[in-house]
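One-based numbering, in listed order, for ligands and for the atoms of each. Position 1 is the first residue of the sequence; numbering continues from there.
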Amino acid sequence: MADKLKSDVIIIGGGIMGATMSVLLKILQPDWNIILLERFDKVAKESSAAWNNAGTGHQGNCELNYTPEIDGIIDTHKAEKVHSQFSQSLKFWQYLIDRYHLDPTFKHHVAHCSLVFGEENKDFLQKRFDAMKDLPGFDTMQFTTDTKVLQEWFPLIMNHRNPDQLLAATRVENGHDVNFELLTDELIRISESLGTEINVAHLVDDIDPVDNGEWVVFCKNLTTDEKLEYQAPFVFVGAGGGALKLLNKADIDEIDGYAGFPVGGKWLRCMNDEVIDQHHAKVYGMAELGAPPMSVPHLDTRYIDGKKELLFGPFAGFSTKFLKHGSYFDFFGSLDFDNIIPMVEAGIDNIPLTRYLIDQVLMSFDEKFAQLKKYYPSAKKEDWKVVEAGQRVQIIKKDEEGNGFIQFGTEIVHNHSGTIAGLLGASPGASTSVSAMLEVLHRCFPDHCSGNWKSTLDSIFE
Ligand SMILES: Cc1cc2nc3c(=O)[nH]c(=O)nc-3n(C[C@H](O)[C@H](O)[C@H](O)COP(=O)(O)OP(=O)(O)OC[C@H]3O[C@@H](n4cnc5c(N)ncnc54)[C@H](O)[C@@H]3O)c2cc1C
């Protein structure tokens, strides 16, 4: 075994989170040695890959699950929070465009629309619009039930539709489509140019504490088969679906009893360029009863590899893998004495979700296509094919009474001394990567954030 390779920071995972963390840290503390370890021979091949997510720059514009109606009142808090988090992402990306030549083609303006069917849902959308239109950041939102306006907003959805059907929609014209894969590639390029050591084809399989409070990360170079040990005072686990397993190996008390429940995704991808050209919006509908937040159906314009694309979905699926390229044993291997009871309790408390997932897994192509036809009535089967989306790991943890429940959002976890941190969970995901990484820094490096990093942070984010 070679000597331990020492550095100041080790980042595990070359997705959008690890890439963002590496650039932020290099800008704030250029003299630190930072090493990033990624198991694949390229970065951004898991959830951050372009086809493995919807590329929506989540901003609270169109996601109806961010604005639930509680006792007749629309709760806009989540939409406002996500809006301000995405604003931080935009500020950081603009800073990198101006200072570090970040290629801006990773994002495009695409209208964000919400679409509902029927009188009751129209009333909900109208209420939501009334609650949001005067809030900062949402003042350009428009609402309509007028079929002529809807025809202009999204002709594919309106053509050949029953004229008696009541539709209502909102639109925010300057929403974003973000190619998180391109962005991650760019962030890694910038980070490397600033001195970060990017080691691809390096699989991390264990993390252990050492007596001086530092961590040793055990890893295998998959090209040479060499076993390596890296040591650092701070480790960030940005391993996506692999994060829970690694944090468990580090044995930190803060995640005792946590379990992960994998939910896979599939899209219907349009293969006809003439159809793709006729749609220019991200149109979000309402999730079915019991569906997890990731399963809100949407008809999405995307920009991938320099080309306009169109997808519909996602459809949920169950796989026991925690990563798209993971192992079928991931789920079973993650179960232990501490987390099996919360897992069972969460399952019992979420029967509609379980039923929804079973229905989705059993769905044939024809059934998926029937869902698409609700949004795009004149769709032709030959224009569409099913493609894999990424895996998400929903976190199951104990509430204050010790009962298990499913947590749908993203959760930052770190140990008491702030020497190891990681990111668990799914939504709203990549769009909030900048605010999530800033939060990690504030929690783990509070003195730096209020001290020598403050003026740089202020200059980027104020
Ligand atoms: C169907 C679907 C739709 C989505 N839509 C959106 C959307 O519209 N907008 C949005 O903002 N977000 C969306 N998301 C969420 C978003 O994709 C994720 O939140 C984000 O990509 C997570 O980034 P990450 O860096 O944490 O994980 P990843 O991109 O998965 O990166 C983790 C990296 O760690 C590496 N890794 C794992 N284990 C190890 C190990 N042991 N050793 C070394 N390396 C390791 C992996 O290979 C991978 O490169 C969607 C997700 C899904 C599944």
Examine [X] against ligand 1 and note whether any of their N/O atoms are separated by less than 3.5 Å.
X      : answer
Ile16  : yes
Ser431 : yes
Leu423 : no
Ala430 : yes
Lys45  : no
Arg39  : yes
Ala54  : yes

Using a 4.0 Å cutoff against the non-hydrogen atoms of [X], which atoms of ligand 1 qualify?
X      : value
Gly238 : 32 (C), 33 (C), 34 (O)
Leu246 : 41 (N)
Thr56  : 7 (C), 8 (O), 9 (N), 10 (C), 11 (O)
Glu46  : 30 (O), 46 (C), 47 (O), 48 (C)
Met17  : 23 (O), 24 (P), 25 (O), 26 (O)
Phe40  : 47 (O)

For this output row, return yes or no: ring centroids of [X] and [Y] closer than 6.0 angstrom.
X      : Y      : result
Phe312 : Trp267 : no
Phe86  : Trp93  : yes
His448 : Trp32  : yes
His109 : His176 : yes
Phe180 : Trp51  : no
His112 : Tyr284 : no
Tyr375 : Phe117 : yes

- Item | Heavy atom of Lys245, distance to ligand 1 below 4.0 Å | no
- Message: When you measure from the heavy atoms of Ala389 to every atom of ligand 1, does any distance fall below 4.0 Å?
- Response: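 Flag set, Ala389 near ligand 1.
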- For Asp177, enumerate each residue passing the side chain to side chain contact (heavy atoms under 4.5 Å, CB included) test, keeping only those at least two apart in sequence or located in another chain.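 Scan of Asp177 (side chain to side chain contact (heavy atoms under 4.5 Å, CB included), adjacent residues dropped) gives Val110, Lys282, Arg302, Tyr303.
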- Cationic tip of Lys266 within the cone over Phe315's six-membered ring, i.e. under 6.0 Å and within 45° of the normal?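 That pair does not qualify as a cation-pi contact.
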- Query: Which of these, Glu63, Glu388, Lys249, Glu38, has its nearest heavy atom closest to atom 48 (C) of ligand 1?
  - Reply: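 Comparing heavy atoms across Glu63, Glu388, Lys249, Glu38, the nearest one to atom 48 (C) of ligand 1 lies in Glu38.
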- Message: Please state which option from Gly13, Ser48, Gly15 has its nearest heavy atom closest to atom 23 (O) of ligand 1.
- Response: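 It is Ser48 that holds the nearest heavy atom.
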- Query: What part of Val178 sits under 4.0 Å from ligand 1 if we count only heavy atoms: the side chain, the backbone, both or neither?
  - Reply: neither
Mind listing the side-chain donor-acceptor pairs of residues 18-25 below 3.5 Å, one per line with the distance, residues two or more places apart or on another chain?
unit_1	atom_1	unit_2	atom_2	d
Thr20	OG1	Ile16	O	2.6
Ser22	OG	Ala19	O	2.9
Ser22	OG	Ser191	OG	2.9

- Intermediate values then yes/no, salt bridge (charged side-chain N to carboxylate O under 4.0 Å, His left out), Arg269 and Glu309: CA-CA 8 Å; Arg269 175 182 172 186; Glu309 301 282 359; 3.4 Å; yes
